[in-house]
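Okay, handing you the structure first.
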Amino acid sequence: MTKLKSDFLNILTERGFIHQCSDIEALDGQAAAGKLVAYVGYDCTAPSLHVGSLISIMMLAWLQKTGGKPIVLMGGGTTRVGDPSGKDETRQLRTVEEIDANKDGMKQVFSRFLQFGSGKTDAIMVDNAEWLASLYYIDFLRDVGRHFSVNRMLTMDSAKMRLEREQELSFIEFNYMLLQAYDFVELARRHSCNLQMGGSDQWGNIVTGIDLGRRMGVKEQLLALTCPLLTTASGAKMGKTASGAVWLNEAQLSGYDYWQYWRNTEDADVARFLKLFTMLPMGEVAKLAALQGADINEAKKVLATEATALIHGRENADAAAETAKKTFEQGALAADLPTIEIDRTELDAGLGVLAAFVKAGLVATNSEARRQIQGGGLKVNDAGVTSDKAALSMKDATASGVIKLSLGKKKHVLLKPV
RNA sequence: GGAGAGGUGCCCGAGUGGUUAAAGGGGACGGACUGUAAAUCCGUUGGCUAUGCCUACGCUGGUUCGAAACCAGCCCUCUCCA
């Protein structure tokens with residue numbers, strides 16, 4: 001490969017974002033000339049984005065930093081159909097109301113990463129429901145459908161997988177590919193968009209869009225760029241924690257928990273994640289990546305704080321780091337751990353430990369609390385709970401007026417009498 | 001429409017009249033070891049006012065002292081044929 005001349009591709013390459021590209025030289029040229037307008041499409045299947053989408057958001061952010069124009073495409077229309085890629089079962093169809101609500105939830109994250117507006121490199125957000133919802137079937141078949149070969153569609157991974165496993169692929173899902181391809185053409189026409197980015201599982205859909213553009217007379221060359229699908233070094237899918245997915249919205253996952261997610265990164269992933277999920281200069285990354293053994297924890301803290309700062313703001317990130325430091329390193333009681341208020345009269349009456357832990361949300365049921373006690377997993381004010389008959393009262397409140405409940409070593413909640 | 005196979009706990013999957021709150025695995029949680037890591041090892045993995053009670057093997061009835069298991073009807077999935 002010849003030397004890349006654009007900042008955009010140099011950065012993406014050295015930080016490990018690139019999996020596949022349809023025409024790297026053409027892309028490099030467009031980027032260097034400041035003519036890149038790129039989009040990433042997001043399904044509206046959940047009320048918030050999660051870390052799985054983060055890598056493509058970072059690509060959009062770098063694009064803007066290096067002089068390109070990012071387009072965030074909300075899949076308000078395509079989500080009504082459902083993408084079969086990478087799923088071996090038909091997804092449940094979502095209602096239109098649900099999709100709209102999800103869309104609103106997802107929007108807030110993007111403003112953290114991208115500058116929106118009407119300037120040349122300002123990001124814009126569009127919803128493909130705009131053009132998909134009002135399509136006429138016959139017209140669509142004539143204008144778009146005739147460019148698609150069913151023979152070839154059947155050989156694409158998303159369809160092939162279903163066929164090989166003899167699992168149903170409904171006609172509605174089979175159409176997803178056409179719609180996504182058409183999105184690309186529509187964006188090219190409306191916004192001079194010339195690049196689509198996405199996870200490597202989107203490759204098939206993206207190049208189909210390029211092909212369609214050519215057949216439908218889009219003058220400009222359309223390009224594809226995909227990033228690797230992320231797993232942790234030990235092979236697990238990214239973005240799952242104890243309490244579910246790692247959401248990007250504060251409402252779904254607090255800044256503190258988000259910080260903790262990154263703090264618990266496996267050693268082997270630290271360097272890779274620093275490059276992908278922070279904007280630290282490469283020199284800095286190299287320095288941190290060189291740390292060995294227990295010292296690598298310092299790198300994890302930087303990773304956690306930098307990654308958290310990107311979406312929750314620097315202040316929240318520092319606060320999370322501080323809370324963690326107090327809780328884990330000094331064993332002190334940090335005031336801004338998650339706090340649950342509790343009625344003082346309830347405490348005076350003697351609140352059973354089981355009920356207290358359930359109330360705090362650390363366990364789901366009394367039985368689970370009992371089991372955790374048996375396994376030595378519950379602590380009140382850092383002292384192990386030995387009996388399920390124990391009760392809490394005002395006497396258990398510490399100097400700062402709260403009772404600290406812990407599940408295992410990492411999860412803590414403060415009970416605050418009011 | 002016809003013929004066959006199947007629907008079991010978070011998931012996969014055994015069980016084909018009683019000792020079954022249901023083997024085994026995965027996942028998850030807790031413990032030990034560590035560095036808030038990974039790997040490894042150990043434990044737990046339906047609920048409750050708890051030596052008992054309630055709910056649970058697609059749904060509804062039935063047979064039986066006793067059913068996830070046997071019978072009937074229904075619903076759903078898959079395969080083959082039309």
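Note that these values count all heavy atoms, side chains included, but never hydrogens, waters or copies made by symmetry. Sequence lines set the chain letters: A, B, ... in the order given, protein chains first and strands last, and positions in each chain run from 1.
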For the base of B:rU36, is there a side-chain donor-acceptor partner from A:Q260 under 3.5 Å away?
yes
Quantified in whole Å, what is the P atom distance between nucleotide B:rC71 and nucleotide B:rU16?
14 Å
- Task: Using the C1' atom as the reference point in each nucleotide, state the distance between B:rG13 and B:rG6 in Å, no decimals.
- Result: 14 Å
**Asked** Side-chain donor-acceptor pair under 3.5 Å between A:D183 and A:W131, yes or no?
**Response** yes
- Counting only distance, no hydrogens or angles, is the base of B:rU36 paired donor-acceptor with the side chain of A:K325 under 3.5 Å? no
When rounded to whole Å, the CG to P distance for the pair A:N264 and B:rG35 reads 15 Å
Fill in: Separation between the C1' atoms of B:rG4 and B:rA22, rounded to whole Å
29 Å
message = On the side chain of A:D267, is there an atom forming a donor-acceptor pair with the base of B:rG35 - under 3.5 Å, no angle test?
response = yes
Quick note, A:K409 side chain, CB onward, closest among B:rC48, B:rA32, B:rG30 is B:rA32
A:K411 has its side chain closest, among B:rC29, B:rA50, B:rA37, to B:rC29
A:L303 CG to B:rA37 P, in whole Å, measures 15 Å
Whole-Å distance, A:K410 NZ to B:rG31 C1', equals 13 Å
A:Q372 CD to B:rC29 P, in whole Å, measures 10 Å
Closest non-hydrogen contact found for A:A289 with A:A271 is CB-CB, 3.7 Å
Parallel, tilted or perpendicular, judged at 30° and 60°: which one describes the rings of A:H50 and A:W247?
perpendicular
(Q) Distance check, P atoms only: B:rC53 and B:rA21, in whole angstrom units. (A) 12 Å
From CG of A:L362 across to C1' of B:rG30 the rounded distance in Å is 13 Å
Check your understanding: Does a donor on one side chain sit under 3.5 Å from an acceptor on the other, for A:Q196 and A:Q202?
Key -> no
A:Y261 OH to B:rA37 P, in whole Å, measures 15 Å
Check: Rounding to the closest angstrom, what is the interatomic distance between B:rA56 and B:rG62 at atom P?
Finding: 16 Å
A:R371 has its side chain closest, among B:rA50, B:rG30, B:rU44, to B:rU44
Between B:rG9 and B:rU20 - C1' atom distance, rounded Å: 13 Å
Residues A:M74 and A:D127: closest non-hydrogen pair is O-OD1, 3.2 Å
Taken to the nearest whole Å, CG/A:N366 to P/B:rU44 is 20 Å
Between CD of A:E368 and P of B:rG43 the distance, given in whole Å, is 19 Å
